[in-house]
Engineer: 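Structure provided below as structure tokens; questions to follow.
These numbers come from the heavy atoms of this one structure, side chains and all, not from hydrogens, waters or symmetry mates. Protein chains get the first letters and strands the later ones, always in sequence-line order, with residue 1 at the start of each.
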There are 2 protein chains.
Amino acid sequence: MKPSVVTIEPSGHFCDDCAVRGAAVCSSLDAAELREFEHLGRRVHFDSGETVFSEEDITTSFYNVLEGVMRLYKLLPDGRRQIVGFALPGDFLGMNLSGRHNFSADAIGAVTVCQFAKAPFGRFIEDRPQLLRRINELAIRELSQARDHMVLLGRRSADEKVATFLLGWRERLVGRNGLSDTVPLPMSRQDIADYLGLTIETVSRTFTKLERHGVIEIIHGGISLLDPARAEALAAA
Amino acid sequence: MKPSVVTIEPSGHFCDDCAVRGAAVCSSLDAAELREFEHLGRRVHFDSGETVFSEEDITTSFYNVLEGVMRLYKLLPDGRRQIVGFALPGDFLGMNLSGRHNFSADAIGAVTVCQFAKAPFGRFIEDRPQLLRRINELAIRELSQARDHMVLLGRRSADEKVATFLLGWRERLVGRNGLSDTVPLPMSRQDIADYLGLTIETVSRTFTKLERHGVIEIIHGGISLLDPARAEALAAA
DNA sequence: ACTCAAATTTGATCTGAGTCAATTGGCTTT
DNA sequence: AAAGCCAATTGACTCAGATCAAATTTGAGT
């Protein structure tokens, strides 16, 4: 929540070495289009805890996450927070109908995004239906994830929520270095609680319980999944 | 849950008198396109309680709701149910990436849908980016609603959930006959409970409490909103 | 109107997760 | 290495909403 000091690099030919070129919205563009496209985007860096955009902000940009993790959340007037998702490299943010973002986004650790001004991006899309189709795909995938998360929030116990989260997070990180039993958790316990609709104490107690039962080991900056099968069983229940 | 006896009318010029022509996906089509489009769709009728499609079904069709209300839900292996939304006339269903529906849909009362076979619909979209843009709009709107619902499920009390639901449902029915304080509730208490992440008993008790406090009156087939301001206050809290 | 089944309401009790309150542990700064 | 700070853990207790168990009410079919 420090003042937002961002570093804006000059636009240029940086798609070439972009880590998410194949995964992100860009995957729908051919080489020539990509060359044109890269003039629209600028790499912007955010430090840990900085807010990339806020819920009621007028949407002026779209964002493609290049590096790092972000928390996406909504606040109630009295301060209660619900994290609606975590964004990882390759995720595309900023689509909306109202002209305002309908959630806020903070950097968890250092984050780099590819930022596109709304108007030129809109014009670029105009005559490129395959890019629109790609964006639509991403929206539909998110919608499916959102529905899964509703089931978790509305109908699962604390144990099930935590087990499901750990397995789901591990799965999302597969792109990194394959499926690993060492699962880094860059977000705080409070973030996890606000994502799962629990309190920080319940999350902590559940982690401890899972460790006592030999399902996980709590390690520095994450957990190690000792018994994936048992975790799956807990999550499915 | 009776066997699915559906009535399929012959395809023909029925878009002319379609109640949702202006609201649905069709709103992005001009007169000539609409004429071509109507040959793709068939009106299909479902009786109360019938299942229109199930979660793991291979997607063979898309649906445009014409009349009635549907519940959209997901089930856990042990039978717990989360309703992820209610569909009303004008809503478009069936989009997905996996090739399977990722939720189930039942008719609540009699329902009429406009059913499109997947392949011809896909071909029709192909060279009509404005229809794709319309579908994208609908997906983004749903995504926004889904996030709001996550906040409700994860962070709101039973009283807030019920008040928010009643106001939100009233709002969704504005298209019908304007904003009315008489709010029909075609779905059962169990449906409301499964939508709000509560039990049927808690929903019933909360209705009774709201009535005791003069906020609503429970009437046949719905409620009457006596004190909208107080309901708003409860929902905002 | 009469019967039966299902939906809803109401009551009594229980419990999973929340709340409140210390500790403990890990970093950072000096 | 001591001090200070914030995040995480642990413990004791509470409570909102779940569960269990009856009534009621509603509705469809005869």
Engineer: Within this structure, what is the CG-to-C1' distance between Asp194(B) and dA18(D), rounded to whole angstrom?
Structural biologist: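 These atoms are roughly 14 Å apart.
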Engineer: So, using side chain to side chain contact (heavy atoms under 4.5 Å, CB included) as the criterion, who are the partners of Leu66(A) when residues are at least two apart?
Structural biologist: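 Here the qualifying residues are Cys18(A), Val20(A), Arg43(A), Thr112(A), Cys114(A).
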Engineer: Centroid separation under 6.0 Å, is that true for the rings of Phe116(B) and Tyr63(B)?
Structural biologist: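 No; Phe116(B) has its ring centre 6.0 Å or more from that of Tyr63(B).
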Engineer: Quick one, Arg170(B) and Asp181(B) - any side-chain contact, counting heavy atoms below 4.5 Å?
Structural biologist: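 Heavy-atom side-chain distance check passes, below 4.5 Å.
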Engineer: Within the side chain of Arg155(A), is there an N or O that forms a donor-acceptor pair under 3.5 Å with the backbone of Leu198(B)?
Structural biologist: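 Present.
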Engineer: Which pair of non-hydrogen atoms, one from Leu143(B) and one from Ala139(A), has the smallest distance, and what is that distance?
Structural biologist: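 So the two residues come closest at CD2-O, 4.0 Å.
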Engineer: By the salt bridge (charged side-chain N to carboxylate O under 4.0 Å, His left out) test, which pairs, at least two apart or in different chains, include something from residues 195-217 of chain B?
Structural biologist: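 Qualifying pairs: Asp159(B)-Lys209(B).
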Engineer: Are any non-hydrogen side-chain atoms of Thr202(B) and Lys161(B) less than 4.5 angstrom apart?
Structural biologist: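 They are not in contact (no side-chain heavy atoms under 4.5 Å apart), so the answer is no.
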Engineer: Where each residue is assigned the nucleotide of DNA chain C containing its nearest heavy atom, which of His220(A) and Asp159(A) is assigned the position nearer the 5′ end?
Structural biologist: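 Counting from the 5' end, the first nearest nucleotide belongs to Asp159(A).
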Engineer: Would you check if Leu76(B) and Gln82(B) make a side-chain contact, meaning some heavy-atom pair closer than 4.5 Å?
Structural biologist: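 They are not in contact (no side-chain heavy atoms under 4.5 Å apart), so the answer is no.
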Engineer: Roughly how bent is the helix from dA1(C)-dT30(D) to dT30(C)-dA1(D) end to end, in steps of 10 degrees, with each end axis from five pairs?
Structural biologist: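 Answer rounded to 10°: the end axes differ by 50°.
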Engineer: At a heavy-atom distance below 4.0 Å, which nucleotide of DNA chain C is the first touched by chain A, and which is the last?
Structural biologist: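 The protein-touched segment is dA17(C) to dC27(C).
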Engineer: Among residues two or more places apart or on two chains, list those pairs meeting ring-ring contact (aromatic ring centres under 6.0 Å, His included) that have a residue in residues 192-237 of chain B.
Structural biologist: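 Residue pairs passing ring-ring contact (aromatic ring centres under 6.0 Å, His included), neighbours aside: Phe86(B)-Tyr195(B), His149(B)-Tyr195(B), Phe165(B)-Tyr195(B).
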Engineer: Starting from C1' on dG17(D), measure out to CZ on Arg155(A) and report it in whole angstrom.
Structural biologist: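 Taking CZ of Arg155(A) and C1' of dG17(D), I get 12 Å after rounding.
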Engineer: Mind listing the residues from residues 196-211 of chain B sitting with a heavy atom below 4.0 Å of DNA chain D? Number order is fine.
Structural biologist: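 Under 4.0 Å from DNA chain D: Gly197(B), Leu198(B), Thr199(B), Glu201(B), Thr202(B), Arg205(B).
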Engineer: Measure CZ/Arg80(B) against C1'/dG17(D) and give the value in whole Å, please.
Structural biologist: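 About 16 Å, once rounded to whole Å.
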Engineer: With distance as the sole test, does Ser204(B) use its side chain to make a donor-acceptor pair with the main-chain N or O of Ile200(B) at under 3.5 Å?
Structural biologist: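 Side chain of Ser204(B) to backbone of Ile200(B): no pair is present.
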